[in-house]
Protein chains: 2
Amino acid sequence: MDRLDRKILRLLQEDSTLAVADLAKKVGLSTTPCWRRIQKMEEDGVIRRRVALLDPVKVNTRVTVFVSIRTNTHSIEWLKRFSEVVGEFPEVVEFYRMSGDVDYLLRVVVPDIAAYDAFYKRLIARIEIRDVSSAFAMEQIKYTTELPLDYMILDTQKSGED
Amino acid sequence: MDRLDRKILRLLQEDSTLAVADLAKKVGLSTTPCWRRIQKMEEDGVIRRRVALLDPVKVNTRVTVFVSIRTNTHSIEWLKRFSEVVGEFPEVVEFYRMSGDVDYLLRVVVPDIAAYDAFYKRLIARIEIRDVSSAFAMEQIKYTTELPLDYMILDTQKSGED
DNA sequence: ACATTCCATGGATCGCCTTGATCGCAAAAT
DNA sequence: ATTTTGCGATCAAGGCGATCCATGGAATGT
């Protein structure tokens, strides 16, 4: 992993439809080695997958709700079951176990408040929860799947920018 | 937009490298009309872009921090400047304006706590904020870019499953 | 000096994207 | 009942781009 790999990743995070030849040109390589690097990073699992990103408005999921959850039971079994149940809901798009006073945090996407209420009822019907509090996002100012690559660990620390 | 389109979107959200022919087979179409539907959905902006998703661990950003921000000044100008400044940080991967007692919520990805502290200092050096509180995620139980398509508005409500 | 590694280049194959044209079916409209 | 309209199926064909191989050269390390 050097800065060429990083440059490739940067571009593929933005647009994975880029032809290898174009990518190579932008990176400053010829197509063959560029292609090989991509292959390697896919094998190594650095590149997980390539997906299509949809417009939330167009698919009628414009509302994001953050759901903070506190629980009584802190057993492994409960966590396992809780994870499974929550994972089944396609509205739950992110799901974290937290430190601090909140135990779990969900990001839920739905068309509107009414749909959130319906989701909420379905959720608590499936599993017991001590305390739930919902915070509604009024606006999504930034959302990106691009991870910062500045922290990547590179093999060689040669000169160069980017 | 009918259930065939939805089926196509479902598959492309999982894997955008699928060949049109394979996609068509899975959906129950022949390649040409399937390809045309995809084109249309790209033109219409339903499909925004195709991107590569990376492994957070492999690119050294395993830690997620949720940053809750309260502000004094609630002017449009402040919001504009704040948005710009925050948007410049690649570590900020999501950024919402919230209702309720928190004004803004950020999701920040970094390698470790130390890096978060450095990020935090850089942030408050750039802009004045009344109150900041950080919540660390111990575990990412679920993360998906797939939006639920069950709420999609379809042209025809014919019979069928999926 | 030699081995290793990585790149550039060229070529060659093959799959699939992309497009156009034509036909058929089914629903809707007149 | 007939016509119109709107898909989809099928066939065909051009062409781009992915994929792989083979060779030569440059830089690095031992």
Side-chain angles (χ1 to χ4, degrees), chain A residues 1-55 58-60 145 149 152-162, chain B residues 1-55 58-59 149 152-162:
Chain A
M1 300 272 279
D2 59 1
R3 61 175 39 76
L4 288 175
D5 287 323
R6 188 166 64 182
K7 223 164 170 179
I8 291 170
L9 291 178
R10 235 189 268 285
L11 291 164
L12 285 181
Q13 278 197 115
E14 284 178 17
D15 179 8
S16 69
T17 66
L18 259 176
V20 178
D22 297 347
L23 189 56
K25 206 171 298 171
K26 292 197 181 200
V27 169
L29 272 176
S30 61
T31 77
T32 306
C34 182
W35 178 81
R36 262 194 256 276
R37 280 164 178 268
I38 297 169
Q39 289 301 311
K40 181 152 184 2
M41 291 193 285
E42 278 173 350
E43 278 165 27
D44 294 350
V46 180
I47 299 173
R48 266 259 171 81
R49 52 209 300 229
R50 291 146 185 267
V51 302
L53 299 184
L54 310 185
D55 184 329
K58 300 260 166 64
V59 299
N60 199 26
T145 58
L149 301 180
M152 257 179 63
I153 295 137
L154 306 179
D155 277 350
T156 47
Q157 306 293 39
K158 290 180 192 167
S159 61
E161 48 331 292
D162 302 298
Chain B
M1 301 271 279
D2 60 0
R3 61 175 38 75
L4 288 175
D5 287 323
R6 189 166 62 183
K7 224 164 170 179
I8 292 170
L9 291 178
R10 234 189 271 284
L11 291 165
L12 285 181
Q13 277 198 114
E14 284 177 17
D15 179 9
S16 69
T17 66
L18 258 176
V20 179
D22 298 346
L23 189 56
K25 206 172 298 171
K26 292 196 182 203
V27 169
L29 271 176
S30 62
T31 76
T32 306
C34 181
W35 178 83
R36 271 191 242 274
R37 278 165 179 267
I38 296 168
Q39 288 303 308
K40 180 151 185 1
M41 290 193 285
E42 278 174 349
E43 280 166 25
D44 294 350
V46 180
I47 298 172
R48 266 260 170 82
R49 51 211 299 229
R50 292 145 185 268
V51 302
L53 300 184
L54 310 186
D55 185 329
K58 300 262 167 61
V59 299
L149 301 180
M152 257 179 63
I153 294 136
L154 306 179
D155 277 349
T156 48
Q157 305 293 40
K158 289 180 193 166
S159 61
E161 43 337 290
D162 303 296

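Naming: A, B, ... by sequence-line order, numbering from 1 per chain.
Residues satisfying the side chain to side chain donor-acceptor pair (under 3.5 Å) criterion with R37(A), sequence neighbours excluded, are D2(A), D5(A). Remark: R36(A) pairs with no residue by the salt bridge (charged side-chain N to carboxylate O under 4.0 Å, His left out) rule, at least two apart or across chains. Every residue meeting the salt bridge (charged side-chain N to carboxylate O under 4.0 Å, His left out) condition with D55(B), not counting sequence neighbours, appears here in chain and number order: R48(A), K58(B). Among residues two or more places apart in sequence or in another chain, the side chain to side chain donor-acceptor pair (under 3.5 Å) test is passed with E42(A) by R50(A).
When the side-chain nitrogen and oxygen atoms of R37(A) are compared with OP1 and OP2 of dC7(C), one or more of them lie within a distance under 4.0 Å.
Using a 4.5 Å heavy-atom cutoff, the side chains of L53(A) and R49(B) are in contact. By the 4.5 Å heavy-atom criterion applied to side chains, V51(A) and V51(B) are counted as neighbours. Counting heavy atoms from C-beta on, the side chains of L11(A) and L18(A) come closer than 4.5 Å. Considering only heavy atoms from C-beta on, M152(B) stays 4.5 Å or farther from N60(A) through its side chain.
dT18(C) atom C1' lies 13 Å from atom CD of E42(B), rounded to whole Å. Here dG15(C) presents its C1' atom at 13 Å from NZ of K25(B), a figure rounded to the nearest Å. Atom-to-atom, CZ of R36(A) to P of dA8(C) comes out at 11 Å; the value is rounded to the nearest Å. When rounded to the nearest whole Å, the span between NZ of K40(B) and P of dT18(C) equals 17 Å. With rounding to whole Å, I38(B) atom CD1 is found 14 Å from dC16(C) atom P. Regarding D22(B), its CG atom lies at a distance of 10 Å from the C1' atom of dC16(C), rounded to whole Å. The interatomic distance linking D5(B) (CG) with dG6(D) (C1') rounds to 14 Å, in whole Å. The interatomic distance linking R3(A) (CZ) with dC7(C) (P) rounds to 14 Å, in whole Å.
Near DNA chain D, meaning a heavy atom under 4.0 Å away, there are no residues from residues 45-53 of chain A. Less than 4.0 Å separates DNA chain C from at least one heavy atom of each of the following residues of residues 27-35 of chain B: T32(B), W35(B). Taken residue by residue, residues 11-20 of chain A places heavy atoms nearer than 4.0 Å to DNA chain D at A19(A), V20(A).
Between I153(A) and M1(A), the closest heavy-atom pair is O-CB, 4.0 Å. Heavy atoms only, all atoms of each residue included: R6(A) and L149(A) are closest at CD-O, 3.2 Å.
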If you look only at distance, which donor and acceptor atoms sit under 3.5 Å apart when one is on a side chain in residues 19-35 of chain A and the other is two or more places apart or in another chain?
none

